[in-house]
Asker: 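Pasting in a structure now, in structure tokens, and then I'll have a few things to ask.
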Amino acid sequence: MIKAFAAGVILGTGFIHILPDAFDHLASPCLPNSPWGKFPFAGFIAMSCAIGALMLDTFATSFYTKMHFNKQKTKQVMDVETHSHSDDHVVDDHAGHVHVHAHATDGHAHGSVLSSQEYQLMRHRIISQVLELGIIVHSVIIGLSLGASQHISTIKSLLAALSFHQFFEGMGLGGCISQAKYKSLATAIMAIFFSLTTPVGIAIGIGISKIYREESTTSLIVEGVLNSCSAGILIYMALVDLLAADFMNPRMQSNLRLQLGANVSLLLGAGCMSFLAIWA
């Protein structure tokens with residue numbers, strides 16, 4: 001339920017809030033018509049980053065799986081050596097060789113298979129890390145816009161929108177982090193990163209407020225590109241890693257009540273972020 005709500009929040013953030021802003025920035029009439037007016041750069045960059053997130057997801061999963069196998073292989077070798085040295089009942093060399101070989105084969109058979117729980121835990125950890133990357137990029141952009149604003153009315157509306165944005169995104173990310181079952185230190189580090197990115201963006205915005213121009217070519221391109229990247233990552237994460245994996249799970253498919261609850265949570269999360277788009 002929590003994961004479905006988180007996916008709805010992240011999906012709404014990507015489609016309703018970030019991607020339209022990216023199109024507005026990169027299709028602005030303030031930019032030169034060539035090349036910005038002749039090609040949908042926002043959609044292209046979002047698509048490229050979604051593909052990049054897929055590649056990162058795949059390589060990270062492969063890396064952690066191989067690392068797990070290497071640890072298991074090292075452990076098996078140490079167990080075999082310890083067992084062979086402590087075996088006082090071996091009659092001859094041949095018998096000892098057969099016994100050790102059988103033990104090693106047995107260890108290999110059990111150790112080379114990544115259990116379902118271990119695989120799911122590894123996937124949850126990769127998902128939470130890639131997801132935080134996408135949210136951090138978005139948080140810096142929001143903070144930058146708020147810090148560089150010089151009109152009180154704009155600051156008030158941005159501050160209200162920022163509070164709701166961070167609240168719902170924090171709920172979504174927190175749900176993913178809780179499933180990853182990190183140690184306390186790792187959880188605290190991820191929470192601190194999420195908490196500090198927006199204030200850092202605000203500080204940068206305040207620092208450049210004298211030279212920052214919202215409609216300048218540089219600011220439009222930078223914000224548009226970063227928003228496109230963030231949207232691509234978040235949309236990929238929500239649809240592929242958070243929704244598809246769970247909604248197509250046999251456990252979900254065989255339980256009608258769980259399906260209904262997950263769909264309601266998904267619609268509630270997406271609805272909250274969509275409703276927020278009325279103000280920001």
Asker: With a 3.5 Å distance limit and no angle check, can you tell me whether Ser128 reaches the backbone of Arg125 through a side-chain donor-acceptor pair?
Answerer: yes

Asker: Consider side chain to side chain contact (heavy atoms under 4.5 Å, CB included). Of Val200, Thr197, Leu196, Leu144, which one does Ser139 pass it with?
Answerer: Thr197

Asker: Can you hop from Ile177 to Ile126 via hydrophobic side chains spaced under 4.5 Å?
Answerer: yes

Asker: According to a 4.5 Å side-chain heavy-atom criterion applied to Ile, Leu, Val, Met, Phe, Trp and Tyr, with indirect links allowed, do Val222 and Ile208 form part of one hydrophobic cluster?
Answerer: no

Asker: So, do Leu131 and Leu234 sit near enough that their side-chain heavy atoms are less than 4.5 Å apart?
Answerer: yes

Asker: Who pairs with Ser265 by side chain to side chain contact (heavy atoms under 4.5 Å, CB included), at least two apart in sequence or on another chain?
Answerer: Met1, Ala4, Phe5

Asker: In Å and rounded to the nearest 0.5 Å, what is the SG to CG distance from Cys49 to Leu54?
Answerer: 12.5 Å

Asker: Nearest 0.5 Å, please: how far is CD in Gln129 from CE in Met190?
Answerer: 6.0 Å

Asker: Quick check: is Leu19 connected to Leu239 through a chain of hydrophobic side chains (ILVMFWY, heavy atoms under 4.5 Å apart)?
Answerer: yes

Asker: Report yes or no: do Ile16 and Leu226 belong to one cluster of Ile/Leu/Val/Met/Phe/Trp/Tyr joined by side chain heavy-atom distances under 4.5 Å?
Answerer: no

Asker: Could you work out the complete set of other residues in the hydrophobic cluster of Phe39, with links drawn between I, L, V, M, F, W and Y side chains under 4.5 Å apart?
Answerer: Leu26, Leu31, Trp36, Phe41, Phe44, Ile45, Met47, Ile51, Met55, Phe59, Leu220, Ile221, Val225

Asker: Using every non-hydrogen atom in the two residues, find where Cys30 and Glu215 come nearest and quote the distance to one decimal.
Answerer: SG-OE1, 3.5 Å

Asker: Say you draw a straight line from OG of Ser145 to CD of Glu223; how long is it, rounded to the nearest 0.5 Å?
Answerer: 4.5 Å

Asker: Looking only at non-hydrogen atoms, find the nearest pair between Pro20 and Gly14 and report the distance.
Answerer: CD-O, 4.4 Å

Asker: I'd like to know if the side chain of His124 and the backbone of Lys181 have a donor-acceptor N/O pair within less than 3.5 Å.
Answerer: no

Asker: Quick one: are Tyr236 and Asp57 in side-chain contact, heavy atoms under 4.5 Å?
Answerer: yes

Asker: I need the minimum non-hydrogen distance between Val130 and Met237, along with the two atoms involved.
Answerer: CG1-SD, 3.5 Å

Asker: Would Leu243 and Leu11 count as a side chain to side chain contact (heavy atoms under 4.5 Å, CB included) here? Give the steps.
Answerer: CA-CA 10 Å; Leu243 290 178; Leu11 199 60; 4.3 Å; yes

Asker: So which heavy atom on Ser219 is nearest to which on Arg213, and how close?
Answerer: OG-O, 2.7 Å

Asker: Could you tell me if Arg123 and Thr61 have a donor-acceptor pair between their side chains, going purely by distance under 3.5 Å?
Answerer: yes

Asker: Contact between Ile136 and Leu133 at the side-chain level, heavy atoms closer than 4.5 Å - yes or no?
Answerer: no

Asker: Quick check for you: to the nearest 0.5 Å, what is the distance between Thr13 atom OG1 and Ile18 atom CD1?
Answerer: 6.0 Å

Asker: About how many Å separate CD of Gln253 and CG of Leu258, when rounded to the nearest 0.5 Å?
Answerer: 10.0 Å

Asker: Say whether, by atom type as modelled, one donor and one acceptor occur between the side chain of Asn263 and the main chain of Gln259 under 3.5 angstrom.
Answerer: yes

Asker: Which pair of non-hydrogen atoms, one from Ala7 and one from Ala238, has the smallest distance, and what is that distance?
Answerer: O-CB, 3.8 Å

Asker: Looking at CD1 of Ile141 and CG of Leu146, how far apart are the two atoms once the value is rounded to the nearest 0.5 Å?
Answerer: 13.0 Å

Asker: Do Ile127 and Tyr182 belong to the same hydrophobic cluster, where Ile, Leu, Val, Met, Phe, Trp and Tyr are linked whenever their side-chain heavy atoms lie under 4.5 Å apart, directly or via other members?
Answerer: yes

Asker: If you group Ile, Leu, Val, Met, Phe, Trp and Tyr whenever their side-chain heavy atoms sit less than 4.5 Å apart, what else falls in with Val264?
Answerer: none

Asker: Looking at Lys183, is its backbone amide N or carbonyl O close enough to the side chain of Thr187 to form a donor-acceptor pair, meaning the two atoms are under 3.5 Å apart?
Answerer: yes

Asker: Using every non-hydrogen atom in the two residues, find where Pro32 and Thr217 come nearest and quote the distance to one decimal.
Answerer: CD-CG2, 4.5 Å

Asker: So do the side chains of Ile202 and Thr198 get within less than 4.5 Å of each other, counting heavy atoms only?
Answerer: yes

Asker: Step through the shown structure and confirm whether more than 12 heavy atoms of other residues, nucleotides or ligands are within 6.0 Å of CZ on Phe193.
Answerer: no

